[in-house]
Protein chains: 4
Amino acid sequence: MDRRSDKRERIIDAAIAVFAENGFQASRVSDVAKRAGVADGTIYLYFRNKEDLLLSVFEQKMDMLLVGLEQALSGVDDPREQIRAFARFHLGQVRDNREAAEVLQVELRQSNKFLKEYRPEKLWAYLAVFARIVRDGQARGLFLPDVDPFVAMWSFFGAMDELAVQWVLARKAPRFPLEHAADQIAGMFVRGMSVGAPGGPDASVQSINLSEGT
Amino acid sequence: MDRRSDKRERIIDAAIAVFAENGFQASRVSDVAKRAGVADGTIYLYFRNKEDLLLSVFEQKMDMLLVGLEQALSGVDDPREQIRAFARFHLGQVRDNREAAEVLQVELRQSNKFLKEYRPEKLWAYLAVFARIVRDGQARGLFLPDVDPFVAMWSFFGAMDELAVQWVLARKAPRFPLEHAADQIAGMFVRGMSVGAPGGPDASVQSINLSEGT
Amino acid sequence: MDRRSDKRERIIDAAIAVFAENGFQASRVSDVAKRAGVADGTIYLYFRNKEDLLLSVFEQKMDMLLVGLEQALSGVDDPREQIRAFARFHLGQVRDNREAAEVLQVELRQSNKFLKEYRPEKLWAYLAVFARIVRDGQARGLFLPDVDPFVAMWSFFGAMDELAVQWVLARKAPRFPLEHAADQIAGMFVRGMSVGAPGGPDASVQSINLSEGT
Amino acid sequence: MDRRSDKRERIIDAAIAVFAENGFQASRVSDVAKRAGVADGTIYLYFRNKEDLLLSVFEQKMDMLLVGLEQALSGVDDPREQIRAFARFHLGQVRDNREAAEVLQVELRQSNKFLKEYRPEKLWAYLAVFARIVRDGQARGLFLPDVDPFVAMWSFFGAMDELAVQWVLARKAPRFPLEHAADQIAGMFVRGMSVGAPGGPDASVQSINLSEGT
DNA sequence: AATGAATGAGAGTTCATTCAT
DNA sequence: GATGAATGAACTCTCATTCAT
């Protein structure tokens with residue numbers, strides 16, 4: 001099992017590199033095998049098929065993300081700070097693991113199965129952390145009770161993901177600093193959810209905030 | 001030219017329907033042709049290849065979006081209201097053109113060319129409207145000067161896009177109301193950018209805004 | 001009919017140029033039409049199909065060759081001189097009409113119909129001139145009676161044709177002088193057919209050459 | 001490697017049969033595969049594409065020709081006899097391997113790549129044997145020094161080739177005996193190159209032949 | 001006569017996956 | 001477990017030809 005997991009790991013690493021370089025569709029299983037130093041058929045001893053290999057990359061990286069996120073948030077108590085830490089952690093991972101990020105951000109979307117059939121429960125678990133922070137902040141009276149944690153969670157992820165995609169796609173142009181994006185996004189959502197925030201003229205959602213001043 | 005553009009339109013409409021039903025990869029050009037009521041070869045009189053057909057769907061729909069957006073924003077003066085109108089318009093379009101949205105949200109992302117080579121200038125023009133609103137609001141003293149319009153623009157789009165994807169992908173589950181998501185997202189960003197917003201404990205970005213009023 | 005033949009001519013000329021540049025198979029009828037300045041469909045008012053167009057090029061050029069050959073041989077009486085004049089004329093045409101030669105030498109062979117079904121009667125007429133010269137020489141006692149005019153005719157044509165192909169194919173390399181080849185070939189066949197020629201040690205064919213010796 | 005080369009051979013043999021029957025263009029790769037008893041895709045494990053398969057037929061047959069030619073000439077010393085043996089061998093091969101000859105004589109010529117890009121080095125090696133014989137004969141004083149071995153070589157090949165084509169193409173008509181053609185061609189070239197041959201009246205090339213006459 | 005938009009048949013090739021060794 | 005040769009299904013695209021105008 002030691003050798004087994006070793007070979008499995010090598011195949012996943014090879015897949016990340018190959019998929020990041022050519023894209024999922026354009027990558028050949030035989031290229032992954034060659035890069036991993038195994039025979040084509042060996043891939044199928046560890047993965048059901050090509051798509052399963054891609055999903056396994058996803059699962060493995062999400063496991064790492066989940067563990068890393070817990071560490072990044074441990075010791076941070078204030079929900080507003082947790083949001084900032086979340087954004088910094090997530091985009092820091094994108095920056096530090098560009099190939100893996102490229103596969104997750106871009107290539108994963110090329111899998112029909114991923115988009116239409118697969119239930120990315122590990123992504124949900126990852127984002128559930130954000131929803132929990134929101135509810136926590138609401139319970140503490142820091143965040144507006146009208147904020148829908150479900151919508152906020154996907155919005156936050158969508159914002160980070162889109163910036164990550166733009167950063168990854170900026171192949172040759174000088175990439176903008178992801179830390180800056182992380183702080184901007186975190187600031188936006190923290191202010192956007194915080195009690196005491198001013199709304200627009202007819203900000204019905206924030207009806208509660210009318211009496212609040214600066 | 002009348003007949004030409006007529007036929008081109010029919011092919012694009014057929015492509016949207018077929019791609020939405022089967023997915024881009026699984027769709028055969030001959031199916032699109034059959035649905036459009038033309039011969040296979042005719043497709044290639046109007047589009048370079050299958051992928052060009054997909055990208056043309058994108059271009060055509062973005063043209064419609066741009067025109068619609070201008071209308072939706074015309075007569076709205078307050079930047080905060082403009083953001084709300086933007087969100088409602090965008091997600092309203094997703095709701096009212098589910099097939100097209102499915103193609104743009106899901107299938108388009110599976111095109112390597114789109115992701116890696118194509119420069120979606122019409123999308124940039126669309127989003128530039130948001131950046132302009134942000135700058136306008138900053139000029140009027142309504143929005144925090146520290147907000148980066150570039151990051152805000154992509155965050156806003158990412159948030160809406162992610163919600164749209166989740167809505168489109170919720171094939172069988174009861175879809176949540178997109179109007180609700182639109183208002184939530186708009187409120188989040190309006191509050192998140194507005195002067196007078198409270199920040200977190202060490203909200204360095206907004207430190208400047210303490211003395212700013214509406 | 002004046003305009004007709006004018007347009008027909010323009011199409012044939014365009015076909016020669018296009019076929020010489022791209023090869024017959026790779027040439028598109030629409031390219032010939034474009035070069036001739038007519039619509040695609042117009043081609044089919046003058047030629048049954050693409051292959052008929054190629055064969056028409058052949059026929060037209062063979063007509064010109066036949067006329068030219070008669071002129072080149074007129075006034076030449078000695079069969080040995082006629083052979084020399086034939087070779088010079090033929091390879092001179094190749095040199096002076098490289099595009100047409102290229103089509104005849106190379107592209108024509110890409111037509112299955114030409115090779116397998118078409119009976120190139122004009123080529124036979126052209127070569128019959130050579131056979132006639134041979135028989136004339138034999139009647140005059142200049143050429144060996146054992147020489148088979150049929151074999152000699154095709155050998156002569158094959159030799160010239162092969163040299164022409166090599167000259168045409170030598171696209172970039174400095175082409176060798178065709179006049180030299182013409183004289184060499186003519187000399188070879190004249191000597192090879194002439195009475196009094198020495199044969200090999202057991203030259204059974206030339207049993208007549210009693211005086212042969214090394 | 002045994003099995004590999006075995007399968008490669010089977011595919012080439014199948015290709016010869018199929019190409020000879022239907023012509024190269026009209027033959028389907030799947031037909032070759034079926035005849036060889038392999039799957040379509042297997043063809044592409046041994047050959048880059050359909051055209052490469054055709055060129056490989058050429059290479060393989062040329063290898064066989066080269067070996068056979070050496071054998072046919074071994075033990076023959078007199079250059080005049082060698083030329084006769086060459087012609088007999090070559091046309092004997094055409095007669096004994098009609099299908100292969102048909103492919104080489106007719107179908108190969110329809111390949112643009114063969115005609116315009118491919119450098120048929122094996123053909124050159126084959127013909128170089130002829131040029132060597134000529135030079136040998138000249139060195140021995142048997143052949144006229146004015147004969148250009150390059151032109152003679154291509155002329156000889158062109159003559160044999162043309163006769164072979166005519167023989168192959170005479171699908172229904174009773175084929176003429178190739179042995180007769182071989183002897184005729186050999187006799188023609190031997191006499192045409194031999195010292196002591198009579199020339200035409202102004203046979204400048206043969207200035208050496210002072211004693212010409214009947 | 002001339003046009004050129006429309007037709008639609010047709011096959012080479014790739015590559016994920018299997019399975020005998 | 002590991003191999004890698006063999007499989008074979010699947011589909012885009014081209015372009016000669018037609019025919020309504």
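Note that this is a predicted model, so its numbers are computed, not measured.
Summarising the geometry of Tyr44(C) relative to Asn49(C), their closest heavy-atom pair is CE2-CA, 3.8 Å, with the distance given to 0.1 Å.
The separation between Gln25(C) atom CD and dA11(E) atom C1' is 15 Å, rounded to whole Å. Taking atom NZ of residue Lys34(A) and atom P of nucleotide dA5(F), one finds them 12 Å apart after rounding to whole Å. The separation between Phe47(D) atom CZ and dA6(F) atom P is 12 Å, rounded to whole Å. Whole-Å rounding puts the Lys50(A) NZ to dA16(E) P distance at 5 Å. What separates CG of Leu53(A) from C1' of dC15(E) is a distance of 15 Å, to the nearest Å. Following rounding to the nearest Å, Leu54(C) (CG) and dA16(F) (C1') show an atom-to-atom distance of 15 Å. Put simply, CG on Asp6(C) is 10 Å from P on dA2(E), counting in whole angstrom units. Nucleotide dA5(E) holds its P atom 16 Å from the CZ atom of Arg28(C), rounded to whole Å.
The side chain of Tyr46(B) places an N or O atom within less than 4.0 Å of a non-bridging phosphate oxygen (OP1 or OP2) of dA6(E).
Checking Ser30(A) against Thr42(B), the closest nucleotide of DNA chain E that is more toward the 5' end is the one next to Thr42(B). Nearest-nucleotide mapping onto DNA chain E: of Asp40(C) and Arg48(D), the residue sitting toward the 5' end is Asp40(C). Map Gly41(D) and Gly41(B) each onto its nearest nucleotide of DNA chain F; the residue landing nearer the 5' end is Gly41(D).
Here the side chain of Val38(D) is nearest to one of dA11(E), dT3(F), dT7(F), namely dT7(F). Looking at the side chain of Val29(B), the nearest of the listed nucleotides dT14(E), dT12(F), dA16(E) is dT12(F). When the nucleotides dT14(E), dC15(E), dC13(F) are ranked by their closest atom to the side chain of Tyr44(D), dT14(E) comes out on top. The nucleotide whose nearest atom lies closest to any side-chain atom of Leu45(C) is, among dT3(E), dA2(F), dG12(E), dT3(E).
In the displayed structure, Arg98(C) atom CZ is contacted under 6.0 Å by at most 12 heavy atoms of other residues, nucleotides or ligands. Around atom CD of Gln25(B), more than 12 heavy atoms belonging to other residues, nucleotides or ligands sit under 6.0 Å away.
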Could you walk me through whether Asp40(D) and Arg28(D) pass salt bridge (charged side-chain N to carboxylate O under 4.0 Å, His left out), step by step? CA-CA 10 Å; Asp40(D) 292 16; Arg28(D) 277 164 288 166; over 6 Å; no
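The shortest side-chain heavy-atom distance between Val103(D) and Phe58(D) does not fall under the 4.5 Å cut-off.
Taking a pair to require two hydrogen-bonding distances under 3.5 Å in either a Watson-Crick or a G-U wobble arrangement, dA1(E) remains unpaired. dT21(E): Watson-Crick or G-U partner is dA2(F), with both key distances under 3.5 Å.
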